[in-house]
Amino acid sequence: MGLGQQRRPGVGEGHPLRGALFKGGLGTASSVALPDSRAGVLAMFFVSCYAGMGVPPVLFSIVLGHLTIEATVIVFAAALSVGAALAVVAALRTGAVGSTRRSHRHAR
């Protein structure tokens, strides 16, 4: 590599948070699972991760066969927005958000 050239990340390299987020999710899934069901919980964690990485590109390709690239990106942006909104609603309903407030109430 010559002077002034920057090295580009290769396959498996990239942003340092990529591995940290996966490791954090794996640790959380492992810690909340009961000992008898830990293997099943971790199996579902890995299936969810693989589906989350594999299904969107396939769906994007299918939709791209019927729409322009601009329309396809808009459809996927809308779908991601709806999914994010539903995740927030589900987190609020289950108490996953703001759990520190709950623990303070029970600590009294």
Side-chain angles (χ1 to χ4, degrees):
M1 194 177 314
L3 275 174
Q5 292 180 333
Q6 292 183 344
R7 183 177 173 276
R8 291 188 172 181
V11 175
E13 299 179 35
H15 200 278
L17 283 181
R18 183 183 337 171
L21 293 173
F22 179 79
K23 185 176 180 183
L26 185 61
T28 300
S30 178
S31 69
V32 299
L34 297 174
D36 292 343
S37 63
R38 186 166 291 135
V41 169
L42 293 179
M44 287 309 301
F45 177 81
F46 281 105
V47 167
S48 300
C49 288
Y50 284 123
M53 291 183 290
V55 172
V58 171
L59 292 177
F60 192 89
S61 298
I62 291 170
V63 173
L64 190 56
H66 301 284
L67 301 174
T68 65
I69 186 74
E70 292 85 4
T72 304
V73 169
I74 290 170
V75 167
F76 271 79
L80 289 173
S81 298
V82 169
L86 291 174
V88 168
V89 169
L92 290 172
R93 284 190 175 185
T94 61
V97 176
S99 61
T100 55
R101 284 187 282 149
R102 261 194 334 201
S103 63
H104 288 304
R105 275 190 242 151
H106 293 296
R108 291 183 189 171

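Along the sequence shown, residues are numbered consecutively beginning with 1. All heavy atoms count here, side chains included; hydrogens, waters and symmetry mates do not. Note that the structure is a prediction, hence the values are computed from the model and not measured.
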How many angstroms lie between atom CG of Leu26 and atom CG of Leu42, to the nearest 0.5 angstrom?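 With rounding to 0.5 Å, CG (Leu26) is 6.0 Å from CG (Leu42).
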
Measuring from atom OH of Tyr50 to atom CZ of Phe45, what distance do you get when rounded to the nearest 0.5 angstrom?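 One finds 10.5 Å between OH of Tyr50 and CZ of Phe45.
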
Cluster question for you: counting only ILVMFWY and a side-chain heavy-atom cut-off of under 4.5 Å, with indirect links fine, are [X] and [Y] together?
X: Met53; Y: Leu21; result: no
X: Leu64; Y: Val55; result: yes
X: Leu80; Y: Ile74; result: no
X: Val58; Y: Val63; result: no

Which pair of heavy atoms, one from [X] and one from [Y], lies closest together, and at what distance?
X: Phe76; Y: Leu59; result: CZ-C, 3.6 Å
X: Phe22; Y: Cys49; result: CE1-SG, 3.8 Å
X: Pro56; Y: Ala51; result: CD-O, 3.5 Å

Tell me if a side-chain donor or acceptor on Ser48 pairs with a main-chain N or O of Met44 at a distance below 3.5 Å.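 Confirmed, Ser48 side chain pairs with Met44 backbone.
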
Test item: Thr28 side-chain N/O and Gly25 main-chain N/O as donor-acceptor pair under 3.5 Å: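 No: the side chain of Thr28 does not pair with the backbone of Gly25.
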
Just so I know, are the side chains of Phe60 and Val75 near enough to count as touching, which here means a heavy-atom distance under 4.5 Å?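 Result no, sub-4.5 Å side-chain heavy-atom pair not found.
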
Option from Leu67, Thr72, Thr68 for which side chain to side chain contact (heavy atoms under 4.5 Å, CB included) with Glu70 holds: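 Exactly one pass, corresponding to Thr68.
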
Applying side chain to side chain contact (heavy atoms under 4.5 Å, CB included), run through Val41 and Ser30 and close with a yes or a no. CA-CA 7 Å; Val41 169; Ser30 178; over 6 Å; no

